[in-house]
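Report on the following structure.
Letters A, B, ... are given to chains in the order of the sequence lines, protein chains preceding strands, and every chain is numbered from 1.
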Amino acid sequence: MNPRWPLAAVLLLAAAPAAARADDEKELRWGTDPTGGAPFIYKPPGSGEDDPYIGFEVELAEYLAGKLGRKSVPVDGLWKSLPDLLDKPRGGEKGIDIVLNGYEARDTLKAKYAASAPYYTFRVELIARKDEDGKDWADFRRPGRRVGVLGESTAADYAKRFFGEPAVDESDDVANVIGLVRDRRLAGTVQDGPAAVHFCKENPDLRTVGAGRQPGHYVIYLRKGDDELRAGLDAAIRDGFRDGTLQRIYRKYGLWNADQENLAYQHTGEWPEPLDADEVAAAGGGGGLGKLLPQLLRAAGTTVLLAVASFPLAVLLGLAIGVGRVYGPGWVRVPLGVYVEVVRGTPLLLQLYVIFYMLPKIDPVFALDPLYAGILGLALNYAAYEAENYRAGLLAVPRGQMEAALALGMNPLTAIRKVVVPQAVRIVIPPVTNDFIALFKDTSVCSVILITELTRKYNELYNFNRDLVVELAFVTAGLYLLMSYPLSLLARYLERRTGTHATGGHR
Amino acid sequence: MIRVTNLVKYHGPHRVLDGPSIEFCKGQVAALVGPSGGGKSTLLRCINGLEPFQEGEITVGDLKLAGGRAPAKADLLKLRRTVGMVFQQFNLFPHMTALRNVMAGPVYALGRPAAEAEATARRLLDRVGLGAKVDARPGQLSGGQQQRVAIARALAVNPAAILFDEPTSALDPKMAAEVMRVVDDLADDEQFQAAMVIVSHDLAAVRRIADTVHILAAGRVTYSGPADEAFAAGGPVETME
């Protein structure tokens, strides 16, 4: 088969869904990272896949969408790269209108994107165990006391300035940091106010220390030039403060405080009336592992799809590159060699980033849906490794084989195709199968471009189901094993079969 | 039919062929003998276009290869389809059956229909005594059987000349005898009009089948003449180093 066709097919398929959604203007698509967790956006423990997200930003988004006459549609992404989604066209699968996920007003972001009026005032809070000594922040600034933070957050910046960088441990997972504090492995953790309120409520052995510091504002980011949307959001936030809607939402999650009263005053010029009754957050529950398993299975399906779609492309492309490097003229060998070295020498994660986030900035025609970008990225990356496998295989075929084919009068291309390549393919079956198994596990990197495959789903579920961490880990590992073990068996079968071909059954 | 004129071939600084001139005629068996390293195999590889050479000329029918110039691709293909080659190490394609090996030339080089190529291949395998082994892969055959398949493979493209590069030196005497019986048979076949050139150290076998003998030593022809004369007592073969 012509190796170019599968690639072209992938690109064509990628373009279709984007086009289909382009004219859908009735949605307010907001970028968020559900793995960031409560109280921003989360699912109560034991929720099923179809159970909706809850959280104060979920309710805020629904309120805002309602005011704009649209339907609220959360689009999940990685927190750190949510603004990048604004650089992509609105119509794709991960196309968004706004970023609404605890993003503070920051000059660097405002230079690139438009920002709404602030919807929440937060402070950074220090959380510690109740039985940990220390009444104020300064008490924790002592030798041997370490604090944890969420990497690349405002809280992390502040903690480094206050405690000194060597005393601060960074993590990508808030829940892990909280666990370390509870296990006495960290003296405390610095978090945004809303997270602090949530975790102290969930864990009665934790408390906030002293007063919160460094007030800042959460804002909504959107594309520059979306003036109408921005005006609509600002008006809705102002109205929400005026009519008590935002107070009602924030109170439900324990987030209403003097800072928000002040924010309401700044928006409306009036001090808000305190509401009488708090609405209680609706917490789902129960269900256990059985309810989570279908979600993991579905994500495992995505993992299989990524691997099964990308690997044949990688093999075809790798074979073409390998043949080009061994038999091609200099002007072909050199660029192919550069391709292999560059792709092998840079992380897959970075390559996926380039394909998904950077290429669309050059031209929107490169804006692929995440799944297709993932398949393409994995294929291009693994092609470099497969090219080296095939190069080794081609060089391992005795020179006499090529000579015998040429001596029969075959032209060199036919000799390569009919005589050398079939032998090389048999030689490299073990390393190629090995790479296929490795690729299965590398699909997890695709979570950076917002594909919910098995590892990302596991991360999401264990954030919301901390009591099932061990069970979820075993099930996830088991699913990976279930996917890769048949491949090992297939490899052994193929080795046996082709080994017989090569040696005439003496083995 | 094949004319080699003043051929000069270097391997690095080493002058492997130092200007030999030889003619090989249609319907005759020519033997190339001489000490190891004398340039016999290199000469065959030059004739088949597998090795470039720096000076001199090789003419095969109306094709001409000149030293120091890369031959045109079309000429090279035509040359190789005219001159068959049997290698010391057989070089059968291990992923193909004996039948497929013999069909490879007609199908992949000459573009013949598979059915026609298969009929020819079966006939040739029968001729070399391997009619029952058509479905065997090279790994399932003895060395002698493999070399016989290789001969059938070279014959399948119906060459005007066939070059044997030490066809029995990788075989034990019994298997070598099997292979030489096939070569003998070809040499005796009046219908088979291809020029045959054989490089061999098996002087007894060469004596039996060769019409002419050329002694190549240190890249030069030190003797060319009829086999009877070459093998006479005290003649050039007996006295060669």
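- A donor-acceptor pair shorter than 3.5 Å can be found between the side chains of A/Tyr480 and A/Thr455.
- In this structure, A/Ile449 and A/Pro370 approach most closely via the heavy-atom pair O-CB, 3.2 Å.
- Looking only at heavy-atom pairs under 4.5 Å with chain A, the residue among B/Gln89, B/Arg45, B/Met85, B/Lys78 that has the most is B/Arg45.
- Within the 4.5 angstrom heavy-atom criterion, no atom of A/Ala415 approaches chain B.
- With sequence neighbours left out, the salt bridge (Lys or Arg N to Asp or Glu O under 4.0 Å) criterion links B/Asp172 to no other residue.
- Listed options B/Leu76, B/Val157, B/Val86, B/Leu50 were ranked by heavy-atom pairs under 4.5 angstrom with chain A; first place goes to B/Leu50.
- The choice from B/Leu79, B/Val83, B/Leu92, B/Leu110 that makes the most heavy-atom pairs within less than 4.5 Å of chain A is B/Leu92.
- Using a 3.5 Å distance cut-off with no hydrogens or angles, the side chains of B/Asp165 and B/Ser41 do pair a donor with an acceptor.
- Both the backbone and the side chain of B/Tyr108 come within contact range of chain A, each with at least one heavy atom under 4.5 Å from a heavy atom of that chain.
- Residue pairs that meet the ring-ring contact (aromatic ring centres under 6.0 Å, His included) test with at least one member in residues 391-419 of chain A, sequence neighbours left out, do not exist here.
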